[in-house]
Each structure stands twice: as structure tokens, then as C-alpha cells.
Amino acid sequence: MKLFILWTLLFISPFAFSQYEPIQSSGDIPKDLTTPSYIKYQQELENVDRSAKRRTRKNQKEFFLESNYAIDDLLKSGYVLFNDPVTNYVNEIAAILLKDDPQLKKELRFYVVRSASVNAFATGQGIVLVNMGLIAQLKNEAQLAFILAHEISHYKEEHALEFFLTSKEIDRKNKRGFLRRRDFNTTLAKNQFSKEQESEADELGLELFLKSNYNLRAVDGAFNVLQYSYLPFADVPFNKSFFEDDYLIFAPDYQLDSINAISQKANDDDTESTHPSLPKRRIAAANIIKNQSNEGRKDFIISESTFKTLQKKARYELLEYHLRNYEFYDAIYNSYLLQQDFPEDLYLKKIVAKALYGMTKFINARQFSEYEYDEKDLEGEFGSLVYFLNKLKRYELNALTLRYAYLLKNDFSDDVVFQNMIKDICQDFINIHGGTLKRFKEGRPSKSPPSPLTKPAEDASEEEKKKYEEIMEKRKENSRFVYFAFGDLLAQQDFNNLLTQCKNEKKKLKKSEESESSFLNANPSSYYSKGKFALGEQKILSLNPYYLKLKKGFEAPYLIQTEKSQNNFNNTITKNADRLNLKVIMLDAKDFSKKEVEAYNDLRDIQEWFGHQMEMGEDMEMIAFNQERINAIAKKYNVDSFLWAGVVSGKVPKSVVESFWKLLFNQLSWLYDLGSPKGESIIFSIVLDSKSGQPRMATFDLVEYIDHKDVINQRVYDILGQIKKRK
């Protein structure tokens, strides 16, 4: 019987015991992601109102240009999911809403975005984007249906274009200078317009929603979700015992006595808001549906079980999103919430370990202020966790992180990245707080208070007073929880070996710091020779080669020219790699065919990893949250390093004096420049080691020409040559 129950639990539990894998896109890549932006723009030019005034036509063209490129930046960022279970579910709900309008259904495309923000929005191109954070917060299918109906109405009424044109007209009528403060009436005019759009979308969205068989009570529930979108998906009391055991017991004052209550009333003052207040929207919606019958209407039409499974998936998905954005408090609390249902899930425990690790690394480097929360500014039980973590001193947090991760060591014995994380946090502890290690004790802290000690009388001897002070100081020392954090671990040989290894590394580090530091801090002599890099690579992965053409003064991009130059730049890399017999695997979001979904998913992971390494800079080294997947990708493509190369070029005003002197003293040079646009270009490259994230190579060239094919070709050949060359 017990065996049957165990197997039943394993099959009905969607994720447990470290089995969860982040959602991936699958199937063919949609045309929205593979069609070049300039082609989309040319297609949309057919929608320009040719009967409108010249200025209006110009603004419409500008809207089509800017919006297409802005949306494509998101679509090709890797954050958009397609053909995955959550996106497919959203499309099924949309199909129910649009069953009577096949033409509109054909025009619209729905995608889920890998974002924790509780939001959804529609574009003028017919794309509706639903954030994963919204799915995590919703209570039923009907609430999602109402929000989709709202966004569909935005598209149907062309609100994106309408708002753009109105804003342009307001700006035109208010030409009093960019630096002069706009009056309140101007701001109010723009805000009022947006409010009208939101109200119209609510009204028309309700008309669409009413045609379905969804529960009308879901409308008010959806407004609740939006009103409390700043809160976690649940409000469960946090107790410090979550991090405690027989050896690690925190003082009572590490537990917050009282939390800030959750606001029960939303602000209905929307005079300075771009949207009408939620109370006003809620009342308006209630008036529309108050005479409608709710009989036979349902919270779920497709499937309640499917919704609950995908809602749980969405909540799991948020964990990595928070880690990616260094939102460590959120990652820990959301994992804590999920552990209420899955207390033994190793994936959830690993998330907590990674979040503690990230927070410790930032705090040790004194770079955490940008990501720090203050519990006094928070509502609900989440504030208790924030208070607890903020209460910890640096060395206390480091000790907690080391213990928490080390106790999971055997559970992830085959996980090289997790083992490296333990080593790294131990190294930080020794490097920064090693002097306190001698205070750590074996054994368990005393749970019973010590017997009272009588303070010596004023006329007592100095020896008695001194002895009393020593006892009290020792008791104070023993009362500090952190000194028993390794109470059981100090008796283990493996843990002591780790401490010894980190101490030895600290000595080596001290010696190396005495010599001249270098950008290439990982033994630069192994791949640097005679002023040039020499990586000795036969194969390298190139991600999203970058090209940006800017207008005069480097103020704004030439969008179409940039996209076309990007393709030429990719070809330049490929051709020069062939010349050098260097194998370059190109992963470019702007150049995927519809069948390359696996490469699309890989690029997303590499981009997030690469972005993390660039954000860390030279002052801080930290293992990326998705390093496990990066190791797998590097193994799959059989590469050791990733290359990111690019060109940024722009026009600069021509100097009459400079042209005159060139004409006078060097006619040949002047004639050469005459055929080249005057400007500057930055040609750069960065190569990172796939395992450590450390830079192996970086080049940065500033040339006095814009888009000069020969110059770019020569620089690219030089970059790839240094990658291929052996020392």
C-alpha cells in the first residue's frame, strides 16, 4: 500500500525532487521572429492613410518604422517563448474568445514572455505578449481570458498608432524648446488620452468576454490580480527556522516582530497617472456586467488541471528570472513558497543556495545597494525574510551560505558547477573573513540559558572582577549563533580539506597581487605574445555579431541601414574565418531559419550568461546562475570560448579646415577621403572562456572612417587571426 501511494505521488506531482527543467521554445520558429524588420516595415507602409495630411502620413511611417524595430528587438531577444505549453494554452483561450471572428483571429499572434512582471500588452502589429509573471499570479482561466480580451481590443482599435500620432501632435503644438519645462496641461492631455484608451479597451474587451462562457466574477478577480501585482504570488509567514538546524540557531531578534499589513484599498486618484485607477476601472466594468446573467458560466473551459499545472510551472519559471536579475530576496521567498508543497524538491533548494551565493558575492564586494530591499517599504510576510537577511552581518551571511550549500554537497555530487560554487563561497569566506575562523567551534550551541552569574561587589578584588569579565565575554562569544555554524562540519575531514585548500589559495593570491595586475588575470602568458593575442583555437562560437549605424552626432540609429549592415558584417566574419581555416559557429537571432529552434534556445542561454559576465566587470567574479547549461552548450558545439564582435559607426561633422590642409599637403589622401563618408567607427571583440567566464581576449579599435568595408574586413581578419594563432 505504501509503495502504491509513493508511485501515485511521483506521477501526479508535476515537479519534485530536482526534476524541473526550465521551459524551452519548440517546433518551427514563427515568421514574427525570422522575418527581417525592414521587410515588415515595407509591408506596413501599405497601411499608411494616403488621404491624410502630409504630416500625419509622415508620423504614421515613423510609427511603423520605430515600432517594428522595437518589437523585433524583444522578439529576437530570446525572452519570447513559442510552441511551449504555456504559450499554447494562451492561444487556446484566445481561440475561444475569437471563435466568431476568424479574420481577427488570423491577424493576431500570442506569445509568452520570460518576465516576472505581472503584465500583458498588445502591439500594433497584432502581437499580444503575456508575461510569465501574470500567469503565475492569476487564479483561474477566466481571469486570463478577460485580460486577453482587453489586449485584443487595444489592437482592434489601433490604440498603439492612435496614441503615437496624438503624442506627436501634442509635441508639435508645444514647441517651446526641449529644455523648457512642459506645462501641466500638456502632460494631462497625454495622460487623459491614454486613460480613454484603457477605458475603451475595458469596455470593448468586456463585450468580447461576454460572448464567451467564462465566469463574470473573473473580471473583478483580474482587477485584484493587477491591484496586488507588486506582491509575491502568495503571502505565507516566514520564520527564521527555515534556515535553522541543531547547529545553526539564530537569536530571537533575527525574527521580525510585526509586518506591514497589505493595503486593502487601491488609490483611486489617477490625475497624475497614464492609466485610469483600478477602482474606477473596476466600477465601470461592474456597471457593464451587472445586468448580465452568470448562470452556467465557468472559471475553466479548457481544463482546470491544465491551468493549475501551468500556473505552477510559471511560478517555478520565476525563480530563474529573479536570479537573472539579481533579485535574490524574491528568488528565496518564491522558492520558500513552493517548498510549502514540495519540501524535498532539490531544484528549489538549489535556487535558494544560488540566491544566497549571489547575495553573498555582491555583499562581499560591497555592490549590493542597487538590489537591496528595505523591509519597512514592503507589505506582507515577504518583509520578514527581507528583515532576516538584512539583519545578517557580512560574515554571518557568508557562513550561512557556506553551510546551506555544503549540506547539499552530496545531493549534487555530479554537478560540477554546484561544487565550484561551494568552493567559491568558501574561498570568499577565507579571503574576507578568515580571521574569524578560529572562533568557530565544534558541537551544538546550548539551547538552555547558562546559570545566573553574580556580579562582583565594588570592593571585590581585581582578580575576581577580571574573572567575571572573562566568563561574561566567553558567554557572549558562545551566544553568537554563527560560531556554531560549522559545529558538525569541523569534525569532517572533507570540510577541513576544503578550508585548507582555500587557505592555500589565499596565500597564492596574496603573492600574485604583489606582482603587476593584468586584465588577463588567468595566466595571460598562455595566450598573449608580442603585443598580440594567440588563443590557438580551431573552433569558436560567435553570438549575435553586433552592428550599429548612428546618425550625425551619434544621437540615434539608422534602423534599416543597421539591419542590412548587420548581414554584411556576418558575411565578413564567415569569409575571413574560411580564409583562416577557423571554424566559426554563428548563432545570430536575426538570421535563424524556422527549423533552428534548438540554436534559438542555446543563444538565449548564452546571451544571459554573457550579459552576466559583462555586468560583473573586472572587480567581481561570480558563477553565472545558468552555468550548467552553458557547460552543456559548449560541450555540444565542442568549443571552449564564445566570441562577441561588433561595429559601432556614426557620422561626424566634416571639418573645413581639416579638408583644406589635406588638400594642400596630401592630395591623394584627400581624394581617398572624398569617396568615404566622414565619421568614426569602433570595431571591438570580446572572447570569454566558456567554463570560467573569464576574458581570454579583448580588442577595441577606433578608426576614422564610417562603414569602410576594407577597414572592417582587415580588422575582422586580424581579430580572427589572433583567435586562431598559436603562441
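There is a side-chain donor-acceptor pair under 3.5 Å between Ser67 and Gln125. Side-chain contact of Asn631 with Gln627: a donor-acceptor pair under 3.5 Å is present, judged by distance alone. Looking at Tyr89 and Glu141, their side chains do bring a donor and an acceptor atom within 3.5 Å of each other.
With sequence neighbours left out, Glu537 forms a salt bridge (Lys or Arg N to Asp or Glu O under 4.0 Å) with Arg696. Take Ile288 and apply the side chain to side chain contact (heavy atoms under 4.5 Å, CB included) test, not counting sequence neighbours, and it matches Glu203, Leu206. Applying the side-chain hydrogen bond (donor to acceptor under 3.5 Å, both in side chains) criterion to Asn131, with sequence neighbours excluded, gives no partner residue. Partners of Lys308 by salt bridge (Lys or Arg N to Asp or Glu O under 4.0 Å), not counting sequence neighbours, listed by chain and number: Glu304. Considering only residues two or more places apart in sequence or on other chains, Glu107 meets the side chain to side chain contact (heavy atoms under 4.5 Å, CB included) condition with Gln103, Leu104, Tyr155. Here Lys40 pairs with Asp72 under the side-chain hydrogen bond (donor to acceptor under 3.5 Å, both in side chains) rule; sequence neighbours left out. Applying the salt bridge (Lys or Arg N to Asp or Glu O under 4.0 Å) rule to Arg324 yields the partners Glu608; only residues at least two apart in sequence or on another chain are considered. By the side chain to side chain contact (heavy atoms under 4.5 Å, CB included) test, Tyr717 pairs with Asn576, Arg579, Leu580, sequence neighbours left out. Scored by the salt bridge (Lys or Arg N to Asp or Glu O under 4.0 Å) test, Asp578 finds no partners at all (sequence neighbours excluded). Every residue two or more places apart in sequence or in another chain that forms a side chain to side chain contact (heavy atoms under 4.5 Å, CB included) with Lys595 is listed here: Asp28, Ser593.
The heavy-atom pair separating Leu318 from Ser115 by the smallest distance is CD2-O, 4.4 Å. In this structure, Leu81 and Gln24 approach most closely via the heavy-atom pair CD2-C, 4.2 Å. Smallest separation of non-hydrogen atoms from Lys139 and Gln311: CA-NE2, 4.4 Å. Between Pro557 and Leu548, the shortest heavy-atom distance links the atoms CB-CD1, 3.7 Å. Scanning all heavy atoms of the two residues, the minimum distance from Val128 to Ala122 falls at CG2-CB, 4.2 Å. Taking all atoms of both residues into account, the shortest heavy-atom contact from Arg604 to Gly78 is CD-O, 3.0 Å.
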Donor-acceptor pairs under 3.5 angstrom involving side-chain atoms of residues 45-52: please list them, not counting sequence neighbours.
from  : atom 1 : to    : atom 2 : distance (Å)
Asp49 : OD1    : Ser51 : N      : 3.1
Asp49 : OD1    : Ser51 : OG     : 2.6

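Here the side chain of Thr87 pairs no donor or acceptor atom with the backbone of Asn83 at under 3.5 angstrom. Ser212 places no side-chain N or O within donor-acceptor distance of the main-chain N or O of Leu208, the cut-off being under 3.5 Å. With hydrogens and angles ignored, the 3.5 Å screen pairs a side-chain donor or acceptor of Asn91 with a backbone N or O of Phe110. Proximity of a side-chain donor or acceptor of Lys590 to a complementary backbone N or O of Ser37 within less than 3.5 Å is not detected. Here the side chain of Arg315 pairs a donor or acceptor atom with the backbone of Ala136 at under 3.5 angstrom. The backbone N or O of Val703 lies less than 3.5 Å from no partner atom in the side chain of Ser681, so there is not a single donor-acceptor pair.
Checked against the 6.0 Å centroid criterion, the rings of Tyr79 and Tyr321 do not qualify as a close aromatic pair.
Taking the six-membered ring for Trp and thresholds of 30 and 60 degrees, Tyr230 and Tyr228 have ring planes inclined between 30 and 60 degrees apart. Taking the six-membered ring for Trp and thresholds of 30 and 60 degrees, His612 and Tyr326 have ring planes inclined between 30 and 60 degrees apart.
Rounded to the nearest 0.5 Å, atoms CD1 (Ile540) and CG (Leu643) are 5.0 Å apart. Expressed to the nearest 0.5 Å, how far CG of Leu582 lies from OG of Ser542 amounts to 10.0 Å. Taken to the nearest 0.5 Å, the CH2 atom of Trp644 stands 7.0 Å off from the CZ atom of Phe610. Between atom CD1 of residue Ile39 and atom CG of residue Asn68 there is a gap of 11.5 Å, rounded to the nearest 0.5 Å. Rounded to the nearest 0.5 Å, atoms CD1 (Ile135) and CG (Leu144) are 4.5 Å apart. In this structure, Glu151 CD and Phe146 CZ are separated by 10.0 Å, a value rounded to the nearest 0.5 Å.
Side-chain contact between Leu210 and Arg297 is present, with at least one heavy-atom pair separated by less than 4.5 Å. Between Asp330 and Asn325, every side-chain heavy-atom pair lies at or beyond the 4.5 Å cut-off.
For residues 27-56, there are no ring pair (Phe, Tyr, Trp, His ring centres under 6.0 Å) pairs, not counting sequence neighbours.
For the side-chain contact (heavy atoms from CB on, under 4.5 Å) test with Gln566, the passing option among Asn570, Asn568, Thr562 is Asn570; the others fail.
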